[in-house]
Undergrad: 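Below are the structure tokens for one structure; questions will follow.
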Amino acid sequence: MFEVKNLTIVQNDKTIIENLSFTLNKRDKLAIIGEEGNGKSTLIKTLLGICDYVTYTGSIYFHGYTIGYLEQSMSIDHFDTSVFTYLFENENAYYDKITLFYKYLEILQLKEEVLTQKLGTLSGGEKVKIGILKLMLIEVDLYFLDEPTNDLDIETLEWLEEFICHTEKPILYVSHDETLLSHTANRILHLEQVKHKTECSHTLLNVDYDTYVTNRVRLLEKQTQLAHSKAREYKKQEDKLKKVMQKVEFEQNTISRSNPHGAKVLKKKMHTLKSQEKKLGNKELTRVPDVEEHIRLFFENVSLPKTKIILKLEIPKLIVEEKVLARDIQLEVVGNEHICIVGKNGVGKSTLLSKIYETLKKRQDIKVGYMPQDYSLILDYYETVLDYLCDEDIDKTTARMYLGNLNFTREEMTGKIKSLSNGSKAKLILLKLVLSKCNVLLLDEPTRNISPLSNPVIRKSLCEFSGCIISVSHDRKYILEVCDVLYTLTNNKLRKDK
């Protein structure tokens, strides 16, 4: 049994988790969810004893457990290391694990040649697969997985779901993949920052993800209805009291001086009314629930003729550093199609989208917006959030309003982009596309870092976008809800599926 008692975590004088207690037992699949920057990864690192930027109180009991940890993203310190060296200490370690190694090499759809490659040359999905492979080669008692689905192709995602569901070892994991959460979680730990991100809160329930979301929505709707009902009742009482006070005030102003008794009665009545007014003003109203997933993002209608040729692309060979990733790529995009390109990790989807951007960005007849998988390609991390959004068309007041709709705090608005979580960076890029009034969007894994509770809002906004979308994604809900044309990229061709 792994056990946590009364854990409180403080980061930069701010409490991000308070009095958290839980245990992990056999077959527990505890999913940690919450908005970006709420401390999910920090919690895992604290539990492992590798978080050097926080202080904590409380107790963490391992009870002799060995923990296998998959970090959110591979450290760049490993990028010059070969895959073989990363996986094995020496030849003997390789031969000791050779049967297991080839079993998972096949499961994860990796080729043996990957052993000689440097980690830095691998695609994002391939890096995650190597991290999973390393985990599968060691004996552990429980798993801590931080965003294990990031960049994985759909086949590997489905295998991972099966693994999580059927292993008897406890698993504590962070994920933004709603499909994976729906299929695997039997316990939910929801971390929140409420009251404009000034207070932390957590909910721990032994339910599956879909049940948690359904019950949460129902409860929030009930609380919202109650708050509105109480507000209407308050307004009714307030209006009634004001009318009576106005009537008494009028009578006081018109009463004859020869009627001092009447004036005294009216004065006493007004005193009673003011006392009632004060009492009503001090009454604490039921508030609309303050939850982080109540965000708003919407694209304005953009003009794009349905027959307009957006892209006509022919690439005989897709090459990166003299390596041929794919061949015979032909793609024609017309009007306001919403396209998604899928395929196995390392086949060149992100490279293809980058080439499409290079092809389209100089066009004068369309307005192209690009969201790469690596945000640093378009973001200056030392620029402030407001400066990134503002230009000759967008003033700071407008930018603040839009940022507020996405629950950015004042400190985040004026702070450097580098201080934002990856999810907040993703929302910032999407907001820039909104404000720039782009009619063609090139999106590489647009939903990968956004909370599962906020993601439905983002998907709805993209689904309703009246322009053209050319995207790469492994998010099954995004593919189903946003995209009307699906392509699969293989080593041999780009195939249209629907």
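Every value quoted in this text rests on a predicted model; they were computed, and no experiment measured them.
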Undergrad: Could you go through the side-chain hydrogen bond (donor to acceptor under 3.5 Å, both in side chains) check for N336 and S466 one step at a time?
TA: CA-CA 6 Å; N336 57 357; S466 58; over 6 Å; no

Undergrad: Looking at side-chain heavy atoms only, is the closest gap between S424 and E36 below 4.5 Å?
TA: yes

Undergrad: With the side chain counted from C-beta on, respond yes when L389 and L428 share a heavy-atom pair under 4.5 Å apart, and no when they do not.
TA: yes

Undergrad: Using a strict cut-off of less than 4.0 Å between a Lys/Arg side-chain nitrogen and an Asp/Glu carboxylate oxygen, indicate whether D365 and K308 qualify as a salt bridge.
TA: yes

Undergrad: Kindly indicate whether the side chain of P446, heavy atoms from C-beta on, has any atom under 4.5 Å from the side chain of I458.
TA: no

Undergrad: side-chain contact (heavy atoms from CB on, under 4.5 Å), that's the test. Do I67 and F2 meet it? Break it down for me.
TA: CA-CA 10 Å; I67 299 174; F2 179 85; 4.1 Å; yes

Undergrad: Once rounded to the nearest 0.5 Å, what's the spacing between atom CG of L110 and atom CD1 of I130?
TA: 5.0 Å

Undergrad: Got a sec, which residues hit side chain to side chain donor-acceptor pair (under 3.5 Å) with D387, two or more places apart in sequence or on another chain?
TA: T384

Undergrad: Considering the options D151, D475, D177, which one meets the side chain to side chain donor-acceptor pair (under 3.5 Å) requirement together with R448?
TA: D151

Undergrad: Step by step, would you call K129 with D153 a salt bridge (charged side-chain N to carboxylate O under 4.0 Å, His left out)?
TA: CA-CA 10 Å; K129 285 184 175 183; D153 53 49; 2.8 Å; yes

Undergrad: For D208 and D210, indicate whether the former's side chain and the latter's backbone hold a donor-acceptor pair under 3.5 Å.
TA: yes

Undergrad: Does the cation-pi check pass for K127 over F79, that is, NZ or CZ under 6.0 Å from the six-membered ring centre and within 45° of its axis?
TA: yes

Undergrad: Are the side chains of N449 and E147 in touch, meaning some heavy atoms are under 4.5 Å apart?
TA: no

Undergrad: So that I can tick it off, tell me whether E178 and K477 are bridged by a salt bridge, with the cut-off set at under 4.0 angstrom between side-chain N and carboxylate O.
TA: no

Undergrad: When rounded to the nearest 0.5 angstrom, what is the spacing between CG in D497 and OH in Y487?
TA: 9.5 Å

Undergrad: Please find the pair of heavy atoms, one from I479 and one from C340, that lie closest to each other, and give the distance.
TA: CG1-SG, 3.9 Å

Undergrad: T211 versus L205: any side-chain heavy-atom pair under 4.5 Å?
TA: no

Undergrad: Compute whether any side-chain donor of one residue and acceptor of the other, for E112 and Y102, lie under 3.5 angstrom apart.
TA: yes

Undergrad: Show the numbers, then the answer: is there a side-chain contact (heavy atoms from CB on, under 4.5 Å) between Y375 and Y381?
TA: CA-CA 9 Å; Y375 304 151; Y381 284 179; 3.7 Å; yes

Undergrad: Taking N345 for its side chain and L122 for its backbone only, find out whether a donor-acceptor pair lies under 3.5 Å.
TA: no

Undergrad: How long is the gap from CG on L297 to NZ on K460, to the nearest 0.5 Å?
TA: 11.0 Å

Undergrad: Under a 4.5 Å cut-off applied to non-hydrogen side-chain atoms, are R476 and L480 in contact?
TA: no

Undergrad: When you check the gap from the basic side-chain N to the acidic O, do K427 and E412 get nearer than 4.0 Å?
TA: no

Undergrad: Would a line drawn from the ring center of Y143 to the ring center of F163 be shorter than 6.0 Å?
TA: yes

Undergrad: Okay, side chain of K349, backbone of V472: is any donor-acceptor separation there less than 3.5 Å?
TA: no

Undergrad: Testing the basics here: between K355 and I319, what is the closest heavy-atom pair and its distance to 0.1 Å?
TA: CE-O, 4.5 Å

Undergrad: Can you see whether Y65 has K169 sitting over its ring - NZ or CZ less than 6.0 Å from the centre and within 45° of the normal?
TA: no

Undergrad: Backbone N or O of S350 within a donor-acceptor pair of the S354 side chain at under 3.5 Å?
TA: no

Undergrad: Applying the side-chain contact (heavy atoms from CB on, under 4.5 Å) test to L462, which of V457, I469, L433 qualifies?
TA: I469

Undergrad: Pair L181, Y212 - check side-chain contact (heavy atoms from CB on, under 4.5 Å), show working.
TA: CA-CA 11 Å; L181 289 168; Y212 178 75; over 6 Å; no

Undergrad: Roughly how far, to the nearest 0.5 Å, is CD of E158 from OG1 of T179?
TA: 10.0 Å

Undergrad: Using atom types as modelled and distance alone, determine if a side-chain donor or acceptor of H78 lies under 3.5 Å from a backbone N or O of G120.
TA: no

Undergrad: Report yes or no: does S471 contribute a side-chain atom to a donor-acceptor pair with the main-chain N or O of I339 at less than 3.5 Å?
TA: yes

Undergrad: So which heavy atom on T447 is nearest to which on R459, and how close?
TA: CG2-CG, 4.4 Å

Undergrad: Between V83 and L119, does the side-chain contact (heavy atoms from CB on, under 4.5 Å) criterion hold? Intermediate values first, please.
TA: CA-CA 6 Å; V83 172; L119 289 162; 3.9 Å; yes

Undergrad: Does L430 reach the side chain of M371, with side-chain heavy atoms less than 4.5 Å apart?
TA: yes

Undergrad: Between S451 and E35, is any side-chain donor less than 3.5 angstrom from a side-chain acceptor?
TA: yes

Undergrad: Taking 4.0 angstrom as the limit, do K323 and E113 come out as a salt bridge?
TA: no

Undergrad: Taking the six-membered ring for Trp, are the ring centroids of Y370 and Y357 within less than 6.0 Å of each other?
TA: yes

Undergrad: I'd like to know whether E192 forms a salt bridge (charged side-chain N to carboxylate O under 4.0 Å, His left out) with R216, so could you lay out the CA-CA distance, the side-chain angles of the two residues, the decisive distance to 0.1 Å, and finally the verdict.
TA: CA-CA 13 Å; E192 298 182 82; R216 179 177 171 83; 2.9 Å; yes

